[in-house]
Amino acid sequence: MAIPKVIGTETEFGITIRNQPDFNPALASSHLVNSYQGGRVRVQWSFDEESPGRDARGFGYETYGLTDVDAGLVNVVLSNGARFYVDHAHPEYSGPECADPLSAALYDKAGERVVASAAESMRTALRSGEDLRIHKNNSDGKGNSYGYHENYLLSRLLPFSDLIHYATSWMVSRQIMTGSGKLGTENGRARVPYQITQRADFFEEEVGLETTLKRPIINTRDEPHGDAAKYRRLHVIIGDANMSEVQTYLKLGTTALLLSAIEDGALPDALELADPVEATWRVSHDLTLNESIQLGDRGTITALEMQRQYYEWLSKYAEQELPEDVWADVVAEWGALLDDLENDPTKAADRLDWAAKYQLLEAFRDRDQLEWDDAKLAMISLQYHDTDPQKGLAYRLERRGSLRRLFTDEEVEQATVHPPSDTRAYFRGRCVVQYPQSLVAANWDSLVFDTGETSLKRVPMMEPLRGTEEMVGLLLDDAPTAAELIEALGDHE
Amino acid sequence: MAQERKQTRRTEEKTEVVDEATEVVDEKDEESAVDKIDDLLEEIDSVLEENAEEFVKNYVQKGGE
């Protein structure tokens, strides 16, 4: 039953302009998106098919008041198939649909280059002394959080209750692998000097529709952006944005693996926890990875032990069911990481943001005799996530070889320009380049063209794995205008 | 017999030299590990925002999603 895991990530970036007295984050975000000079088309993001208020547990079609989109603010589709836009008060990059976790990690990384490039361009328009900073993070240390969301394609046949049942404990335990680390705690949680994730403190429910408050471990948004009879899209909101490429890859790859296994009924146990929300906080707050959490009424377990158990099940599952090389690679990386976390977590500093950052902070504490609440440590922790190639500390670690990379700068650059070849993002990206004047509106599952006729033409894209280079490459090559494209697609059907 | 003794002495001499060389190499390794961290911290110091307190105090975001 497991269907190919098409994956896409959404990153809300932190934005600030120092020394700008009238700073308005929504306006600044619009300015940023408008400043991007790479291949793109400004479009009306068409909301007709959107349904963020529909709940996967079957509560019907509430009009939720589209809180995650604002029709007045700028929306751009990029030549790589991504969406770059303003989500309330943050610039957001939603990467193109990708057919495997490595590709998804690459296009996630490409988002950093897009905002950095837009920022460079925007700086030329700022007043002297104004300092624009864009951070890939999820928490401002003042009680506000903004998301990093992962999206995974699932079969509609999978009952949502199964998803909730099996995925909850995964989300709690995977934090030791997904966290980007931060100083202190927020939202009234028990104080610790440093914790593994940026997001844990903001999660208060096991299941729910909310994304801005009372955040749930499992988000029930039912908006497949595809054929709703066939597909589900799991919208994961509990993850951190990562600077580390290896970490992004592992986060997406292992989660996709888990979801495939759930679809195939291949998990022997859900490792159900007595209190998943409390466990979420406790796992994040414990750097020893040894915190005991209550397993239903079956005793206790640690997050690391849970991850090891998942590894035992999923490595076998991958071996038996998933022939593509990428899954064997994900498993190998994951196993090596768990070995290190079990024996010497400091070794994970070359792969996991939280460990790399912690090591950095400890080194400064040691050298400069700093207390945990020293502003310098907070600055280091924040600047780790700066997307400016010169200022960003994660990039410094990458260049020194202290933080492992999966991609070259050239590959990431190419990923800002060209879409993946193996999903519908290919069609979208090509249309951006080929028909910039005609493309007037877009959504994930459709494009709308003005071909000069009285009515606009909508091209549905209900299948995430169609619209690939193989399927439409030649058709696009032979259609220099949108009108010809529409005609050819009509014949094609 | 005399030859053997000569060879043994030469071998011993060689061994001593080798030992010294190893010692020197070890010291170099230790130094460079510490140097590396110091290096990194210095590099970060050079690009870290100068007014950390002000930056961090004023860094606030709207809640998102």
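Chain identifiers are assigned alphabetically (A, B, ...) following the order of the sequence lines, protein sequences preceding nucleic acid strands; residue numbering begins at 1 within each chain.
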Name the region of A/Asp131, side chain, backbone, both or neither, that has any atom closer than 4.5 Å to a heavy atom of chain B.
side chain
Is the count of non-hydrogen atoms from other residues, nucleotides or ligands lying under 6.0 Å from A/Lys142 atom NZ greater than 12?
yes
For A/Asn137, is it the side chain, the backbone, both, or neither that has a heavy atom closer than 4.5 Å to a heavy atom of chain B?
side chain
Got A/Leu360 and B/Leu40 here, is their nearest side-chain heavy-atom distance under 4.5 Å?
yes
Is there a side-chain contact between A/His135 and B/Tyr59 (heavy atoms, below 4.5 Å)?
yes
What pair of heavy atoms forms the shortest contact from B/Ala52 to A/Met379, and how long is it?
CB-CB, 3.6 Å
What are the two closest non-hydrogen atoms of A/Arg396 and B/Val47, and how far apart are they?
NH2-CG1, 3.4 Å
Is A/Lys376 in contact with chain B via its backbone, its side chain, both, or neither, using a 4.5 Å heavy-atom distance?
both
Under a 4.5 Å heavy-atom cutoff, which of A/Ser145, A/Gly141, A/Ala26 has the most pairs with chain B?
A/Ser145
For the residue pair B/Ile37 and A/Ala363, what are the closest heavy atoms and their distance?
CG2-CB, 4.2 Å
Can you measure from CD (B/Glu65) to NE2 (A/His88) and round to the nearest 0.5 angstrom?
10.0 Å
Mind checking the CZ-CG spacing from A/Arg367 to B/Asp38? Nearest 0.5 Å is all I need.
7.0 Å
Determine whether more than 12 heavy atoms belonging to other residues, nucleotides or ligands lie under 6.0 Å from atom NZ of B/Lys57.
no
Heavy-atom distances under 4.5 Å only: say whether A/Ile380 touches chain B with side chain, backbone, both or neither.
both
All heavy atoms of A/Ala375 vs all of B/Val56, minimum pair found to be O-CG2, 4.0 Å
Examine whether an atom of A/Glu10 lies under 4.5 Å from a heavy atom of chain B, and if so say whether it belongs to the side chain, the backbone or both; otherwise answer neither.
neither
Under 6.0 Å from the CD atom of A/Glu362, do we count more than 12 heavy atoms belonging to anything else shown?
yes
Donor-acceptor check, side chain of B/Gln61 to backbone of A/Ile15, threshold 3.5 angstrom: yes or no?
yes
State whether the number of non-hydrogen atoms from other residues, nucleotides or ligands found under 6.0 Å of A/Glu120 atom CD is greater than 12.
no
Test: A/Arg18 and B/Glu49 ion pair at under 4.0 Å:
yes
